[in-house]
Amino acid sequence: MSEEKSLNFLEEIVEADIAAGKNSGRVLTRFPPEPNGYLHIGHAKSICLNFGLAQRYGGQTNLRFDDTNPAKEEVEYVDSIKEDVKWLGFNWANELYASDYFDTLYEFAVTLIKKGLAYVDDSTSEEIAGQKGTPTEPGTPNQYRSRSIEENLQLFADMKAGKYPDGAKVLRAKVDLASPNMLLRDPLMYRIKHTHHHRTGDTWCIYPMYDFAHGESDAIEEITHSVCTLEFVSHRDLYNWFIEKLEIFPSKQYEFARLNLNYTVMSKRKLLQLVEEKYVEGWDDPRMPTISGLRRRGYTPASIREFCERIGVAKRENMIDVSLLEFCIREDLNKTAWRRMAVLDPIKMVITNYPEGQTELLFSENNPEVEGGEGGRELPFSSELWIEREDFMEEPPKKFFRLGVGLMVRLKSAYIVKCDSFVKDAEGNVTEIHCTYIPESKSQNDTSGIHVKGTIHWVSVPHAKTAEVRLYDRLFKVEDPSNEDGDFKEYINASSLHILNNVYIEPDLATAVPGKGYQFMRKGYFTLDKNSTTDKLVFNRTVTLKDGWVKK
RNA sequence: UGCCUGAUAGUAUAAAGGUAGUACGACGGUUUUUGGUACCGUUUGUCUAGGUUCGAAUCCUGGUCGGGCAACCA
């Protein structure tokens, strides 16, 4: 590791461990999602961290589903999570499930009971909460805390056997009811839930809690570095307590600050609400911060990985500006997206001195960022073109490098034209722009000697195809919707989606490929939507181009 | 007001007692058949008050502010 780049705190920990000979230099991490929703960009940070750490130090990463709460979990989510991790470009060493360990976990619990370190409690959840005390006052033990080992063993076996209804009893760890860490005040290990599990079916009616499953699963897999987010800091004491009492592999937990992105929300609960209450089309709506949403929007795996690399890792709360995400996708697409022409808000241009009915094929390269342009395509040109309405002004200001009566522009890959006049309808809307072209100014063979400041895109009227184009804006009107007064949904941006039904695109775009990014010149990056068909092409705008032109 | 955590430009993130740097953003310029890209430049920062030291973002003490913790969620 002789790079100039400094290490983040997790890399420092791993390097120190390797240097100290811990675990014989072995590095095994894990990415442990609960399959209760779709993965979002915050998970991408965790994925990049866990897989990246292992990759960098010659280790491996397990994909482990934390499926200990059957009430919320579904196979649909398992499948989507696997797809997203793969799509991001990572390969896990083993696909595992906390539910794989239910038998072992049960034995671990029995071990603790036998050591006098766990007991069955018949209290209701309200009673237990009441007996926990407060942060400033210690909890108080109840009569169940002193049950005999034999009785606990029998009761726990009966719980497993299904003799009790949901909520009748729980298994608790006997730690310390006076601990300043509330999590140590005899935390629950098992609860009764007569619920069908997506993998174990109806085999179990008791399920382990997170705190009694996570560290134990890490230990079973012999995870060396268990990386999670900051809200689990106070769980670390418990994590270590179970491992110590059980005398199992000593995995270590390390915490980092989760990702927050402005103008969106990042909790599965809130994202689920947006989906269920139809504020968006689904988990993969292009406005969602989910991996599947970003994918449908046109983000590439490389751009997301780059983003995760650039935001860094630390332990302080943060709020990342979406502009960095946008920078990452533009940087990627600028180098890879093929250039095409599309007119989003069309107005007709008539070239009065070009033979009516004549068609000419012009060449335009696919990608100016690459040597040789990656080939190109033929662009049909004729006397009637669609151009962008905003590229013409009746009364152009001084630095307007586009069209207005008397002004000249280059039609990209074609000719220079001069605007002579325009036509208005009864309401005063401009309906047609009349120009004359300069035959000697043909692209790549320009002998006119004329130089113009502006170049605009266009599509030939008789050759144009049409498409639907969806333009997206931020989902929320405020930077941190979760931190505003009232419900976060009050801050939804009502105009986060604009659908353009009549966009004219150059004919070659009819062969657009799903999953590929295209730059609609001067307009942004676009990609085919999953709803697109050959009869009705649908494009999503991934991101606009950076716009240096500020209208004054 | 118990415990745990954290605090460096607008936003992130480096500097491990020795020149506060980098990226994104913003602003300005050069080039350009995309007002894109590329290139160049400018701008703004160590929460606070003391202390230790030749020297402190870094170590010590007090304060301030932020986040987390009292789910049969993870």
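Quick caveat: nothing in here was measured; it's all calculated off a predicted structure. Chain A is the first sequence line, chain B the second, and so forth, proteins listed ahead of strands; every chain is numbered from 1. Atoms considered below: every heavy atom in the structure, side chains included; atoms not considered: hydrogens, waters and symmetry mates.
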Quick one: list whatever passes salt bridge (charged side-chain N to carboxylate O under 4.0 Å, His left out) with [X], sequence neighbours left out.
X       : answer
E506(A) : R377(A)
E484(A) : none
E365(A) : none
D66(A)  : none

Write down the distance separating the [atom1] atoms in [N] and [M], rounded off to the nearest Å.
N      : M      : atom1 : answer
U5(B)  : U61(B) : P     : 14 Å
G10(B) : U53(B) : P     : 34 Å
U1(B)  : G66(B) : P     : 15 Å
U58(B) : A16(B) : P     : 13 Å
U22(B) : U8(B)  : C1'   : 13 Å
U44(B) : A49(B) : C1'   : 25 Å
G21(B) : A26(B) : P     : 23 Å
U46(B) : U52(B) : P     : 23 Å

Between F381(A) and Y354(A), is the gap from one ring center to the other below 6.0 Å?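 That pair passes the under 6.0 Å test.
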Taking only residues two or more places apart in sequence or in another chain, which ones pass side chain to side chain donor-acceptor pair (under 3.5 Å) with D473(A)?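 D473(A): no side chain to side chain donor-acceptor pair (under 3.5 Å) contacts found.
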Would you kindly compare D66(A) and I311(A) by the position of their nearest RNA chain B nucleotide and give the one closer to the 5′ end? I311(A)
Using heavy atoms to find the nearest nucleotide of RNA chain B for V313(A) and T455(A) separately, return the residue whose nucleotide is more 5′.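 Of the two residues, V313(A) wins.
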Under 4.0 Å between any heavy atoms, over every strand shown, what does V233(A) touch: base, sugar-phosphate, or nothing? Just pick one.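 V233(A): backbone/sugar contact only, no base atoms under 4.0 Å.
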Could you give the start and end, 5' to 3', of the contact zone on RNA chain B for chain A, using atoms under 4.0 Å from its heavy atoms? G2(B) to A74(B)
Test salt bridge (Lys or Arg N to Asp or Glu O under 4.0 Å) on D186(A) and R145(A) and set out the steps. CA-CA 9 Å; D186(A) 289 13; R145(A) 197 171 201 263; 2.7 Å; yes
Once salt bridge (charged side-chain N to carboxylate O under 4.0 Å, His left out) is applied, what residue pairs with a partner in residues 31-47 of chain A remain, sequence neighbours excluded?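 Found none.
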Nucleotide-level pairing of RNA chain B, given in dot-bracket where Watson-Crick and G-U pairs need both distances under 3.5 Å and | marks other strands: .((((((..((((....[..)))).(((((.......)))))....(((((..]....))))))))))).....
Can you give each donor-acceptor pair under 3.5 Å made by side-chain atoms of residues 309-316 of chain A, sequence neighbours left out, with the distance rounded to 0.1 Å?
from, atom 1, to, atom 2, distance (Å)
R310(A), NE, E306(A), OE2, 2.7

